[in-house]
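Have a look at the structure below, then the notes.
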Amino acid sequence: MNSSLTSNANAPARKIELPLAVKVIMIDLDGTLLDTAEDLALSANLMLKDLNMPEQSTATIRSYIGKGIQKLVKRTLTGQLDGEPDAALFAKALPIYEQHYANNLSRNTRPYPGVVEGVEILQQAGFRLACITNKAEAFTLPLLRATGLFDKFEIILSGDSLPKKKPDPLPLTHICKHFNAQPHEALLIGDSLNDAIAARAAGCHVFCVTYGYNEGRNVYELDCDAIVESLVDASKLIAKLP
Ligand SMILES: O=C(O)COP(=O)(O)O
Ligand SMILES: [Mg+2]
């Protein structure tokens, strides 16, 4: 088998040996472990309501997920992926959003099918497991606890844990050093271009799931080593390096 598994016409041809031999597995949170979009959108609309601004569809706000809470608020306020809102409006809106999200963090948020089982399989197989998310730590940790996933990871890096977040490679290289692993001995499983870019820049392998957010873009456009339908499917393509 090789990377044709990705059916990825736009990505450069890249051949990997399957099963992929790694020792570290890093897993993204929003759009990979947990379906957080409804609660993120609910909170964004509560914020817009408080600001007397028109609400937006869940699908639109879903496409704003990927680069952390601050970027999500900027995108919601401007209706644009690269929009910069008025500084005073943003300063007012951000704490309102954070309060609403803290209140509604796990109202509708659930692990995707195959997540609990897939993480369990990977843990049993002896992989070193890490979670890397662009979500702020104040939200990451309670969500992982509420969904029973917290104890599965030996290290959890949030969007504000280090000076830079994905698509910067820093969180991935930090995890590799933490586990004393070479980048090619590590795999990131994610859902978006932030994951694919960060993994390539770090020299790590990357799988992407079909069901996540990817800032509203087609996951098949991503430069990744495999596209998988679930973490259970991912586990079948991986072998544990000694
Ligand atoms: O917080 C976000 O916008 C995305 O977070 P993720 O890195 O877990 O997908
Ligand atoms: Mg994600």
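As the structure lists them, so they are numbered: ligands from 1, and atoms in each ligand from 1. What you are looking at is a predicted structure, and each value in this text was computed from that prediction instead of being measured.
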### Query
Between Tyr64 and Lys74, is a side-chain contact (heavy atoms from CB on, under 4.5 Å) present by the stated rule, with each step listed?
CA-CA 9 Å; Tyr64 296 161; Lys74 287 185 178 186; over 6 Å; no
For this session: Output, in order, the C-alpha distance, side-chain angles, deciding distance and verdict of side-chain contact (heavy atoms from CB on, under 4.5 Å) for Thr36 and Tyr213.
Result: CA-CA 10 Å; Thr36 51; Tyr213 308 142; 3.6 Å; yes
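Under a 3.5 Å cut-off, the side chain of Asn134 and the backbone N or O of Gly66 do form a donor-acceptor pair.
Numbered from 1 in the order shown, with element, the atoms of ligand 1 that lie under 4.0 Å from a heavy atom of Leu29 read 8 (O). Those atoms of ligand 1 that come under 4.0 Å of a heavy atom in Thr133, given as number and element, are 5 (O), 6 (P), 7 (O), 8 (O). Taking every heavy atom of Lys135 and a limit of under 4.0 angstrom, the matching atoms of ligand 1 come to 1 (O), 5 (O).
If you look at Lys67 next to ligand 1, the close heavy atoms, those under 4.0 Å, all belong to the backbone.
Here the heavy atom of the protein found nearest to atom 6 (P) of ligand 1 is Asp28 OD1, 2.9 Å. Ranking protein heavy atoms by distance to atom 5 (O) of ligand 1, first place goes to Asp30 OD1, 2.9 Å.
Side chains of Asn104 and Asp39: no donor on one and acceptor on the other come within 3.5 Å. There is a side-chain donor-acceptor pair under 3.5 Å between Asp195 and Ser192.
For ligand 1, the polar-atom distance check finds no N/O of Asp195 at less than 3.5 Å from any of the ligand's N/O atoms. Distances between N or O atoms of Ile65 and those of ligand 1 include no value under 3.5 Å. No N or O atom of Ile132 sits closer than 3.5 Å to an N or O atom of ligand 1.
The atom of Asp28 nearest to the Mg ion (ligand 2) is OD2, with the search restricted to N, O or S atoms. The Mg ion (ligand 2) is closest to atom OD1 of Asp191 (considering only N, O or S atoms). When the Mg ion (ligand 2) is compared with the N/O/S atoms of Asp30, atom O turns out nearest.
Pro54 and Leu48 make their closest contact through O-CD1, 3.4 Å (heavy atoms, listed as atom of the first residue, atom of the second, distance). Leu77 and Leu51 make their closest contact through CD2-CD1, 3.8 Å (heavy atoms, listed as atom of the first residue, atom of the second, distance). For Lys166 against Thr133, the heavy-atom pair with the smallest separation is NZ-CA, 3.9 Å. Shown here for Glu229 and Asp233, the closest heavy-atom pair between the two residues is CB-OD2, 3.5 Å.
At least one heavy atom of Gly66 sits closer than 4.0 Å to an atom of ligand 1. Residue contacts with ligand 1 include Gly68, since one or more of its heavy atoms lies under 4.0 Å from the ligand.
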